[in-house]
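Before any comments, here is the structure.
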Amino acid sequence: MDFDLNLIFALVGFLIMLGILGGIGINKPRGMSVKMWCVGYLAVALGFDALVVVGLLGGYKWLTYLLVGLSAGAATGLAIHVMHHINEE
């Protein structure tokens, strides 16, 4: 049971991060200036960093799996962004 719950936390983290990055625009800003788009990405990164610190200091197992999912979502968002640049070349 615990194993299944951990996978759910990881999947939820993945969907949250991919949704946030997709919401602000992975390849171009959605309804905002490039400056605000960059600030949005910075806010996502700093929020993620804060969660990592809380997870490491607090020892929350569920948060560790959520962070794994968030990391996977961020990596997938970056891969989509890079693929966009590859297709432009």
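For reference, positions follow the sequence shown, starting with 1.
In this structure, M32 CE and I24 CD1 are separated by 6.0 Å, a value rounded to the nearest 0.5 Å. Here L21 contributes atom CG and I80 contributes atom CD1; the two are 9.0 Å apart, rounded to the nearest 0.5 Å.
Clustering of Ile, Leu, Val, Met, Phe, Trp and Tyr side chains at separations under 4.5 Å places L78 together with V82, M83, I86.
In the hydrophobic clustering of this structure, I20 does not group with V39; members are Ile, Leu, Val, Met, Phe, Trp, Tyr whose side-chain heavy atoms approach within less than 4.5 Å, directly or through other members.
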Just distance, no hydrogens or angles: give the donor-acceptor pairs under 3.5 Å from side chains in residues 67-77, sequence neighbours left out.
unit_1	atom_1	unit_2	atom_2	d
S71	OG	L67	O	2.9
T76	OG1	A72	O	2.9

In a table with atom names and distances, give each donor-acceptor pair under 3.5 Å that connects a side chain of residues 42-58 to protein atoms at least two apart or in another chain.
none

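Around the CZ atom of F14, the shell of radius 6.0 Å holds more than 12 heavy atoms that belong to other residues, nucleotides or ligands.
Take H84 and apply the ring pair (Phe, Tyr, Trp, His ring centres under 6.0 Å) test, not counting sequence neighbours, and it matches no residue. Residues satisfying the ring pair (Phe, Tyr, Trp, His ring centres under 6.0 Å) test with F9, not counting sequence neighbours, are W62.
Applying the ring-ring contact (aromatic ring centres under 6.0 Å, His included) test to every pair with at least one member in residues 22-43, sequence neighbours left out, gives these pairs: W37-Y41.
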